[in-house]
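These numbers were taken from a predicted model, which means no experiment stands behind them. Order of the sequence lines fixes the chain letters, A, B, ..., with proteins taken first and strands second; residue numbering starts at 1 for each chain. Values below: every heavy atom of this structure, side chains too, minus hydrogens, waters and symmetry copies.
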Amino acid sequence: SDKPKKENGYVRYKTKKKKQGASHNCTYLMHSSPAVKSEPEEDNGFYPSPKHNKSSKREHDVEECEYKPKKVKVEHDKKAKKRKHDYEDDEEEPKKKTKDQKSTDGKKVKKEEDEKWKWWEEERSTDGSKWRFLEHNGPVFAPSYEPLPDKVKFFYDGKHMKLSPPAEEVATFFAKMLDHEYSTKDIFRKNFFKDWRKEMTSEEKSKITDLNKCNFSQMNDYFKAQSEARKQMTKEEKRKIKEENERLLQEYGFCIMDNHKERIGNFRIEPPGLFRGRGDHPKMGMLKRRIRPEDIIINCSKDSKQPKPPPGKKWKEVRHDNKVTWLASWTENIQGSIKYIMLNPSSRIKGEKDWQKYETARRLKKCVDRLRTQYRDDWKSKEMRIRQRAVALYFIDKLALRAGNEKEEGETADTVGCCSLRVEHIQLYPKMDEQEFVVEFDFLGKDSIRYYNKIPVEKRVFKNLQLFLENKQPEDDLFDRLNTSILNKHLQELMDGLTAKVFRTYNASITLQQQLKELTTSDDSIPAKILSYNRANRAVAILCNHQRAPPKTFEKSMQNLQTKIDEKQIQLSTARKQLKAAKADHKASHDDKSKKTVEVKRKAVQRIEEQLMKLQVQATDREENKQIALGTSKLNYLDPRISVAWCKKYAIPIEKIYNKTQREKFAWAIDMAEKDYVF
DNA sequence: TGAACGACTTGGGCACAGCCCC
DNA sequence: GGGGCTGTGCCCAAGTCGTTCA
């Protein structure tokens, strides 16, 4: 029997939660489960197909000669030397930079030169330091508050009331959000009002006691008018603003890191405002306070020119920690977490990490079969904790679920991942729609995005889930003997650097590679091939549950596209008739002029056919993409070398797949991947 | 040992620049 | 030249995971 011997007083691992856990469960399963026939590996599109597993000689060769930092951390030097060697055959090793890195002359490093900088061909330090030299100008602060003009009035209980500047500023935050659904939510209003009162003078506090009696409509109208005025600005005014932004970017948007001018990702400090959490966030509406220089910790080299705080102000601290990558940080007041200013994804420091991430996923590819065999075995373990770990890992692998850290109740929206799933999030169906052992998942994941899925699982998984659910309440943890720390510790033992999230990267990338192989036809036109690429990308986005709200203009834009298609079809039929007539004319006359006309008409038909096909492909793509966000997987989960190789193999310009920013981020991959690259 | 902290990646929404079409 | 649409980049919230603290 699958029934365990029950044991009380087990240790709970979920310590952060205040909720009571399941009343009891067992630590050891004293009776082994009946032998369950091992089911064949299902081909659900997530696992590599048997064909894929048997990597061909060619694939093997490619992998052997590639840029593969097997142990990225410890063999960085060797890797770099090997790469250097790899490049010697076909490419000149980049010239060594000779600038004095300790000099602020580094600023003079030309942008053009840096755009071409191939950091991936250089050796990196192995001592854990992230940089040797770092110089920057500090962050840009939010503009200070400008009081409203006198004509813009605030009313309380129907009477005009002049607010003190601090109270007025916070009131404007709310006034700006009147048209947003947020401002109607009880929690939002309650939190806002509580924090707003803290900014009021004692007189204001005694008068303003009910948010429902506050009238912000004049403020709201004022900001709408301002926004409208911005849209109506003359070209000259717009140009001036653009120039000012460019000046700020040039002054604060770059830093010098190890001799190279690097773009900073977010050099502006977040302005004050009302916190807008996602989903049912208990803190929505709270006041995000203004960040001042006294709140900022600056990180830079000891020997660099330190950023100057605004006149009369001081930084909280200036430190020189080269074990971290951030340039400045501050603590925000809502969650008490630290916010950072860091480099742009195109920077060396981010690129290296990204590259390393995909190399770890590729290492997983090599041992994933062994891991799968092991967790299947573990489904039969005598220990409950091992069974839970194995079933959770199966979900993470098969469904690309996130790890699911514990969260403090009442601090954030109630969302879960794999390890934090609760009984109420799954339903078991021994039989459903002709399928056996179906598990229905329904929960809110990251960003309160709903995850809903019904999947048939292996019998042993199903039986285990039934066991985990025994004697539990809906709000109890499904995996009460497991948390992400335990899971990751286990994974670390199985493969160096392996964590739950590596499975997501691995499954995403391998799915893209398989789908591209399956969907691409050499004879297809470029738009058709791009449709195939987007479909492969889409398969990954669906796997990772990357959803988006359908764009507000979706229906209209589809309609427009359909109108264009209809018009094009009419155009095509006219062109075809003309071609037919021209052919008949030529048949009768047999002269050169009519022959030429036939050619012209034939070309016209061809051109219109192509245009029509392009529009139809576009419509299909857009329709299929209605609620799917491709960006996240493209940017974070898909080894860019797969896409680059695909482009090279099918002669697709890389610009069709990656826009400018993406090309900058993936410069390393674009440079190194050849058409025969295999993930 | 578990909680808290810190550093970093991942994520969807939205404003707006810029392009296209009339 | 103007209006509308779309893609891009920014914004900043919300995750993951390793380290430090008590």
> Within the structure shown, what part of the strands sits under 4.0 Å from A:R402 by heavy-atom distance: base, sugar-phosphate, or nothing?
Replying inline: sugar-phosphate

> Do the charged groups of A:E359 and A:R363 touch, with an N to O distance under 4.0 Å?
Replying inline: no

> Contact class for A:P271 (heavy atom, under 4.0 Å): base, sugar-phosphate, or nothing?
Replying inline: sugar-phosphate

> In terms of the nearest nucleotide of DNA chain B, which residue is placed more toward the 5' end: A:S227 or A:Y637?
Replying inline: A:Y637

> What's the CD1-P distance between A:I341 and C:dC12, to the nearest Å?
Replying inline: 11 Å

> Under 4.0 Å: is that the gap between some side-chain N or O of A:H546 and OP1 or OP2 of B:dT10?
Replying inline: no

> Are any of the side-chain nitrogens in A:R422 or A:D414 under 4.0 Å away from the carboxylate oxygens of its partner?
Replying inline: yes

> Would A:Y358 and A:F679 count as a close aromatic pair, with their ring centres under 6.0 Å?
Replying inline: no

> With a non-hydrogen cut-off below 4.0 angstrom, is A:R450 in contact with a base, only sugar-phosphate, or nothing?
Replying inline: nothing

> Of all the choices, B:dG12, B:dT9, B:dC8, which nucleotide is nearest to the side chain of A:I449 once you look at every atom?
Replying inline: B:dG12

>> Using heavy-atom distances to pick each residue's nearest nucleotide on DNA chain C, tell me which of A:L498 and A:K339 is more 5'.
In response: A:K339

> In terms of side-chain heavy atoms of A:R230, which of B:dG6, B:dC16, B:dG18 is nearest?
Replying inline: B:dC16

>> So A:K288, base contact, sugar-phosphate only, or nothing? Heavy-atom distance under 4.0 Å.
In response: sugar-phosphate

> Using a cut-off of less than 4.0 Å, is there contact between a side-chain N or O of A:N266 and OP1 or OP2 of C:dC11?
Replying inline: no

> For B:dG12, does OP1 or OP2 lie under 4.0 Å from any side-chain N or O of A:T632?
Replying inline: yes

> Would A:F188 and A:Y182 count as a close aromatic pair, with their ring centres under 6.0 Å?
Replying inline: yes

>> Less than 4.0 angstrom between a side-chain N/O of A:T499 and OP1 or OP2 of C:dC17, yes or no?
In response: yes

> Which part of the nucleic acid, if any, lies within contact of A:K353, taking any heavy atom under 4.0 Å across all strands shown: a base, the sugar-phosphate backbone alone, or nothing?
Replying inline: sugar-phosphate

> Hey, do the aromatic rings of A:Y452 and A:F441 have their centres closer than 6.0 Å?
Replying inline: no

> Which part of the nucleic acid does A:A413 contact within heavy-atom distance under 4.0 Å: base, sugar-phosphate only, or nothing?
Replying inline: nothing

>> What I want to find out is whether A:R290 reaches A:D295 closely enough, with some N-O distance under 4.0 Å, to be called a salt bridge.
In response: no

> When you measure from the side chain of A:N405, which nucleotide among C:dT16, C:dG15, C:dC11 comes out closest?
Replying inline: C:dT16

> Can you check the A:K176 NZ to B:dA15 C1' distance for me, whole Å?
Replying inline: 14 Å

>> Check A:K357 with A:D639, please: is the shortest side-chain N to carboxylate O separation under 4.0 Å?
In response: no

> How long is the line joining CZ of A:F275 and P of B:dG13, in whole Å?
Replying inline: 16 Å

>> Can you measure A:N545 atom CG to B:dG11 atom C1' for me and round it to whole angstrom units?
In response: 12 Å

>> For a quick check of understanding: with a heavy-atom distance under 4.0 Å over all strands, which category does A:S337 fall into, base, sugar-phosphate or nothing?
In response: nothing

> With a 4.0 Å cut-off on heavy atoms, is A:Y340 in touch with a base, just the backbone sugar-phosphate, or nothing at all?
Replying inline: base

>> Please pick, from B:dT9, C:dC17, B:dG12, the nucleotide with the shortest atom-to-atom distance to any side-chain atom of A:M342.
In response: B:dT9

> Choosing from B:dA7, B:dT9, B:dA4, which nucleotide comes nearest the side chain of A:K501?
Replying inline: B:dT9

> Would you say A:R278 reaches B:dT10's phosphate, i.e. side-chain N/O to OP1/OP2 under 4.0 Å?
Replying inline: no

> Just checking A:K665: base, sugar-phosphate only, or nothing, at a heavy-atom cut-off of under 4.0 Å?
Replying inline: nothing

> If you check every side-chain atom of A:K242, which of B:dG18, C:dT16, C:dA14 has the closest atom?
Replying inline: B:dG18

> Whole-Å distance between C:dG7 P and A:I530 CD1?
Replying inline: 13 Å

> On a plain distance test, is the side chain of A:K446 in donor-acceptor contact with the base of B:dT10 below 3.5 Å?
Replying inline: yes

>> Counting the atoms with a prime plus P, OP1 and OP2 as sugar-phosphate, which does A:E332 contact under 4.0 Å by heavy atoms, base, sugar-phosphate, or nothing?
In response: nothing

>> How many whole angstroms separate atom CG of A:L327 from atom P of B:dC8?
In response: 11 Å

> If you look at every strand shown and take non-hydrogen atoms under 4.0 Å, does A:T415 touch a base, only sugar-phosphate, or nothing?
Replying inline: sugar-phosphate

> What's the CD-P distance between A:E246 and C:dC10, to the nearest Å?
Replying inline: 11 Å

> Do A:K288 and A:F275 meet the cation-pi criteria used here (NZ or CZ under 6.0 Å from the six-membered ring centre, within 45° of the axis)?
Replying inline: no

>> Heavy atoms only, 4.0 Å cut-off, all strands: where does A:K238 land among base, sugar-phosphate and nothing?
In response: nothing

>> Does A:N636 reach a base, just sugar-phosphate, or nothing at all? Heavy atoms under 4.0 Å.
In response: sugar-phosphate

> So what does A:K357 hit on the nucleic acid, given a heavy-atom distance under 4.0 Å: a base, only sugar-phosphate, or nothing?
Replying inline: sugar-phosphate

> For A:R276 and A:K323, take the nucleotide of DNA chain B holding the closest heavy atom to each; which residue's nucleotide lies nearer the 5' end?
Replying inline: A:K323

